[in-house]
Amino acid sequence: MTPPFPVAAVYPPLLEKERALSALQQEVITLKKQHDAIILAHNYQCEDIQGIADYVGDSLGLAYQAAQAKASTIVFCGVHFMAETAKIVNPTRKVLLPDLEAGCSLADSCSAEKLAAIKAAHPELYVVAYINCSAAVKALSDVICTSGNASKIVQKVPADRPILFVPDQNLGNWVSRKTGRAMQLWPGNCYAHVQFTPNALLRTKAAHPDAPIVAHPECTEAVREMADMVCSTELMVGWCRQQKASKIIVTTEAGMIHRLQREVPEKTFVAAPTDRCACNECRFMKMNTLEKVRQCLIRQSPEITLPETVRRAAEIPLQRMLEWSK
Ligand code: 13P
Ligand code: SF4
C-alpha cells in the first residue's frame with residue numbers, strides 16, 4: 001500500500017453514560033435467566049456482548065469457567081474451537097455458539113489427518129497443541145496450551161521427548177525463545193495478527209511517543225521485538241493497569257480495547273493499525289452479534305456436539321493443561 005497510511009484509532013476513557021445497557025442487552029439478560037444460561041465471551045467479542053457476559057476473558061480463563069459452569073446452558077461468544085473446548089471439559093452442559101461459521105484460520109491450518117500421519121511416522125514426538133485447534137487435533141495431542149500458559153506447559157514436557165508445537169509458529173517461536181526449549185513448529189499463523197507490521201508500529205509510536213507497546217504472541221517476531229510487553233489478552237489487563245503511562249498501544253484484535261476500557265478506565269488506548277486498516281478485527285470473532293445471541297437463546301441452537309470418542313480423547317490433554325497450569 002502507498003501512503004497515506006491509516007491513522008491508529010485512539011480510545012480515551014469512557015463517559016459513564018456510554019456504559020448504559022440497551023433494550024436488546026436487557027432482553028438478552030432476561031432470556032439467559034429464563035433458560036438457565038451463562039454467557040462466556042472472549043476478549044475479542046464486540047462491546048455489546050462483552051457488556052452483558054457473565055465472564056469475559058482469554059482462552060485459558062474461558063476454559064476454566066466452562067469447566068466449572070453450573071448453569072445448564074453455556075452460550076459461548078467466541079469462535080468454534082473455544083465452544084468445542086467448553087463442551088469437551090463440561091459435556092453435560094448444552095453449549096451454544098451464536099454463529100457456527102465463527103471459525104479460526106489458525107485452527108484450520110492444522111488438519112487431524114496430516115497430524116496423525118506425522119505422529120505415525122515419528123512416534124517419539126510429544127505434541128503440544130495451542131488451544132486454537134479442532135477437537136480432532138486436540139484428541140491427537142499430548143497436552144494443550146494457551147498463550148497465557150504456553151511457557152509453563154512447555155517447561156513441564158519430559159526433557160527426553162522432542163516437541164512438535166502446533167499450529168501457531170509465531171507463538172511457538174516466542175515460547176521456544178523464552179524457555180530455551182527447541183521445538184518443531186507447525187507452519188500455521190493467525191491471519192489477523194500477522195497483519196501488524198514493524199512499519200505500522202513505528203508510525204504509531206511516532207504519533208504517540210510516550211505510549212508503551214503491548215503485543216500478542218501471535219504477532220510476528222519482528223513486531224514482538226518492538227513491544228515493551230508480549231502476553232496473552234488476559235495478562236494485558238494487569239500489565240496495562242500497572243503502567244505509569246496514561247496511554248498504551250495495544251497490538252492485538254481491536255475488541256480487546258473494550259475489555260481494557262472497562263477494567264482500566266483511567267487510561268487511553270491506541271489500537272495498533274496495520275498498513276491497510278486503522279485497527280485490526282478478526283472476521284471470525286465478529287461473526288457473533290448480540291442479535292444472534294438473542295436468537296440462539298430463543299431457538300436453543302446452534303448447538304455444539306461432538307462424537308464421544310473424540311471428546312474423551314481431547315479431554316485428556318485439556319485436563320492435563322488445566323492441571324499443569326494451576
Ligand atoms: P488468548 O489466548 O489471549 O485468548 O488469544 C486467543 C486468540 O485467538 C488470539 O488470537
Ligand atoms: Fe483465530 Fe486469529 Fe481470529 Fe484468534 S484472532 S480466533 S487466532 S483467526
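Here the structure is a predicted model, which is why all the values come from computation and not from measurement. All ligand and atom numbering here is 1-based and tracks the order in the structure.
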D275/R203 ion pair, N-O < 4.0 Å:
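Looking at D275 and R203, the cut-off is met.
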Return the residue, atom name and 0.1 Å-rounded distance of the protein heavy atom closest to [atom].
atom                   : result
atom 8 (O) of ligand 1 : N132 ND2, 3.1 Å
atom 6 (C) of ligand 1 : S59 OG, 3.5 Å
atom 9 (C) of ligand 1 : E218 OE2, 3.0 Å

Check whether any side-chain heavy atom of [X] sits under 4.5 Å from a side-chain heavy atom of [Y], and report yes or no.
X    : Y    : answer
L322 : Y64  : yes
V137 : F81  : no
I144 : R320 : no
V56  : N43  : yes
N173 : Q169 : no

Where does the angle between the aromatic ring planes of H216 and H193 fall among parallel (under 30°), tilted (30 to 60°) and perpendicular (over 60°)?
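Because their plane-to-plane angle lies in the 30° to 60° range, the rings of H216 and H193 count as tilted.
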Does H42 have a non-hydrogen atom less than 4.0 Å from ligand 1?
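The answer is yes: ligand 1 sits under 4.0 Å from a heavy atom of H42.
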At a 4.0 Å cut-off, with the gap strictly under it, does some heavy atom of M285 reach an atom of ligand 1?
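Outside the 4.0 Å threshold, so no.
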Any donor-acceptor pair under 3.5 Å from K267 side chain to Q243 backbone
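Yes; judged by distance alone, with no hydrogens or angles, the pair exists.
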Say whether, by atom type as modelled, one donor and one acceptor occur between the side chain of Q50 and the main chain of Q45 under 3.5 angstrom.
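Yes, because the side chain of Q50 sits within donor-acceptor range (under 3.5 Å) of the backbone of Q45.
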Suppose I only count heavy atoms of [X] and a 4.0 Å limit; which atoms of ligand 1 are within that range?
X    : value
T233 : 1 (P), 3 (O), 4 (O)
H216 : 1 (P), 3 (O), 5 (O), 9 (C)
D58  : 1 (P), 3 (O), 4 (O)

Part of E234 within contact of ligand 1 (heavy atoms, under 4.0 Å)
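Neither part.
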Evaluating non-hydrogen atoms only, which member of P217, A107, S147 is closest to atom 2 (O) of ligand 1?
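Checking each option, the heavy atom nearest atom 2 (O) of ligand 1 is found in S147.
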Can you tell me how far the CG atom of N132 sits from the NZ atom of K138, to the nearest 0.5 Å?
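So the gap between those two atoms works out to 7.5 Å.
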Among T252, T233, D58, find the residue that satisfies the side chain to side chain donor-acceptor pair (under 3.5 Å) test when tested with Y44.
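Between Y44 and the candidates, side chain to side chain donor-acceptor pair (under 3.5 Å) is satisfied uniquely by T252.
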Around atom 2 (Fe) of ligand 2, how many protein N, O or S atoms are closer than 2.8 Å?
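My tally for this metal is 1.
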